[in-house]
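Scroll down for the structure; my scribbles are underneath it.
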Amino acid sequence: MGTKSKMESIRERQQRILKLDKIKQLGVNPYPYAFSRSHMIEEVTKSQDELIENEKEISLAGRIMALRGHGHTSFGNIKDNTGKIQFYIKDEVVKEDAFKLFKLLDVGDFIGVRGVLFRTRTEELTLRVREIELLSKSLLPLPEKYHGLQNKELRYRRRYLDLIVNDDVMDIFVKRSRIIDSMRGYLKGQGFLEVDTPILQSLYGGAAARPFKTHHNSLDIDLYLRIADELYLKRLVVGGIERVFEFSRDFRNEGMDRSHNPEFTMMECYAAYWDYNDVMKFLEGMLASICHDLYGGYEITYGEYEINLKPPWKKKTFFGALEEKTGKYLKDVDNEELEKIASERDIDVEKGLSRGALLDLLFSELVEPELIQPVFIIDHPIEISPLAKKHREFDGLVERFEPYIAGFEIANAFSELNDPLDQRQRFEEQVSKREEDSGEFHPLDEDYLMALEHGLPPTGGLGVGIDRVVMLLTNSHSIRDVILFPQMRPEESQD
RNA sequence: GGGCCGCUAGCUCAUCAGGUAGAGCACCUGCCUUUUAAGCAGGUGGUGACUGGUUCAAGUCCAGUGCGGCCUACCA
């Protein structure tokens, strides 16, 4: 049978190819090179009174979104990146060939039009077309004009259609871009330098996650896609870049769900001479500023919640928050007791979990879901924070914080561990624990330790989950709605 | 990984109890010089995700596979 092409079964495509031939017979190139437009549609809408009054000839370009033919005339709509406008074309107004061409156009085609604005009987702003140019002929039809594209699978796989048809989707990705601009501007305004560090790393680190593995042919070595850029950025602080940041695409070879995509974007930044208190102030200020840039205020709606991002945000210690829920201060409580507390609350506990894992579990089950308004959870147990500096006051804790908003963690930060001998010891503990768990060999990052031994100043560091921030600020409930091309299984297996 | 649900025309969806499929939009033909989910008349379009089973007969029942959605778990 050979390959069955879905395309070839579409009759409409064949119809459009016939039209394409007729267009060529008119001497028209259906795929010309450029078109100069005088206005964007949004500008036209804004200054419509003036444009109508002066009968100013304008030119617009865009995709045909609708056609309503009436014999000798036609109405239609074109859409550009700023909006949509109705046009009106009448056979007596345009040249004969132009009307012939128009009759061969379809919804989905790109056109350029020149003419003068007027208002119809129903007061709709409309361009009376004097000249029309085909800018690109489309062969496949757009989704249905009223219901649009609903099927989520198709929306993710053919995001371009989703963007054409669902304005709110376009809006999310415009906002995503603006959020990143705003964050970058804020960082630069505070003297941070943007850098690029390796994505292909021979040794991965900076987080606890399984990596993607690849191979470099001419070096004949295995490489990993980074799971974090933390260790490289701190090398740069050692190198004298006192404030440094990177928007880092990270890759983690783990499960996917509403808040995890295998590749995602993290903004990490490091500032010499800051501790985690400084970072907290910085972060709340930055997020509030981004929100203000976007919406002109600090209040946002996320699902059923009204959230206020205005600083200062509350702070709760990790164990303090747990104590509120369990009535017990758990810092010095042993594993057996922790397991008991979990099972009393119907939390499934696997046997042999480490103390850190148990605490983490209790926290995410009991505390996390209730952290709706912005709050900094601070001073985590040392077991789950191998890169954070020991707490200046409390034994067994580190100077770390995680801000929670709307029930999920949006960042992770600490006073960076800059004692090279302490770091070595913590790495060694991590490594042996991981080897126990997975049976794999995990080499120490000696190169990073060497950098630390040359001296890292006191440093505050921060990693912000960009996708989650975008979710929060666009009221999106799946990470797939804020990533243009989320990871999907291939549609057809290749033979 | 587990549970539930979905997959029917390009798109959005029907098809109640098994009798070889329908609508709207889109497309084609005709009519229509201010319409806007334009209208009117006529028409084309389906390997019912895929594979197998039960049955005289399967989109419909059963099993498996694929892809997806929601929930859940794992994972920071």
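In what follows, chains are A, B, ... by sequence order, proteins preceding strands, each numbered from 1.
Minimum atom distance to the side chain of A:R157 is reached by B:C67, of the listed B:C11, B:C67, B:C74. Residue A:D257 places its side chain closer to B:A73 than to any other of B:C27, B:U35, B:A73. Closest approach to the A:Y146 side chain among B:A37, B:A73, B:C27 is made by B:A37 (side chain taken as heavy atoms from C-beta onward).
If you run side chain to side chain donor-acceptor pair (under 3.5 Å) between A:Y156 and each of A:N151, A:D481, A:D162, only A:D481 comes through.
One interatomic measurement links the two molecules: CD of A:E12 to C1' of B:C25, which rounds to 11 Å at whole-angstrom precision.
OP1 or OP2 of B:G69 lies within a sub-4.0 Å distance of a side-chain N or O belonging to A:R480. Remark: A:R489 is in phosphate contact with B:C67, judged by side-chain N or O atoms under 4.0 Å from OP1 or OP2. Using a 4.0 Å cut-off, some side-chain N or O of A:R258 falls inside it from OP1 or OP2 of B:C71. For the pair A:R121 and B:U35, the criterion of a side-chain N or O lying under 4.0 Å from OP1 or OP2 is met. Neither OP1 nor OP2 of B:G6 sits under 4.0 Å from any side-chain N or O of A:K152. For A:K84 and B:U36, the shortest distance from a side-chain N or O to OP1 or OP2 is not below 4.0 Å.
Side-chain contact of A:E402 with A:H380: a donor-acceptor pair under 3.5 Å is present, judged by distance alone. A donor and an acceptor atom, one from each side chain of A:R63 and A:S138, are nowhere located under 3.5 Å apart. A:E268 and A:Y270 form a side-chain donor-acceptor contact under 3.5 Å, judged by distance and modelled atom types alone.
Donor-acceptor pairing under 3.5 Å, judged by distance alone, is absent between the side chain of A:N151 and the base of B:C7. For A:Q150 against B:U12, a side-chain-to-base donor-acceptor contact under 3.5 Å is absent. Between the base of B:U34 and the side chain of A:T122 there is no donor-acceptor pair shorter than 3.5 Å. Between the side chain of A:D106 and the base of B:A26, no donor-acceptor pair of N or O atoms lies under 3.5 Å. Applying the 3.5 Å distance criterion, the base of B:U35 shares a donor-acceptor pair with the side chain of A:Q86.
Rounded to the nearest Å, the gap between the C1' atom of B:G2 and that of B:G45 is 42 Å.
When heavy atoms are screened at a 4.0 angstrom cut-off, A:F118 is found touching base atoms of the nucleic acid. In this structure, A:E368 reaches the bases: a heavy-atom distance under 4.0 Å links it to at least one base atom across the strands shown.
Taking the six-membered ring wherever Trp is involved, the centroid distance between the rings of A:Y404 and A:F363 falls below 6.0 Å.
Within the shown strands, nothing qualifies as a pairing partner of B:U15 under the Watson-Crick or G-U definition with both distances less than 3.5 Å. Using Watson-Crick or G-U wobble geometry with both donor-acceptor distances under 3.5 Å, B:G66 finds its partner in B:C7.
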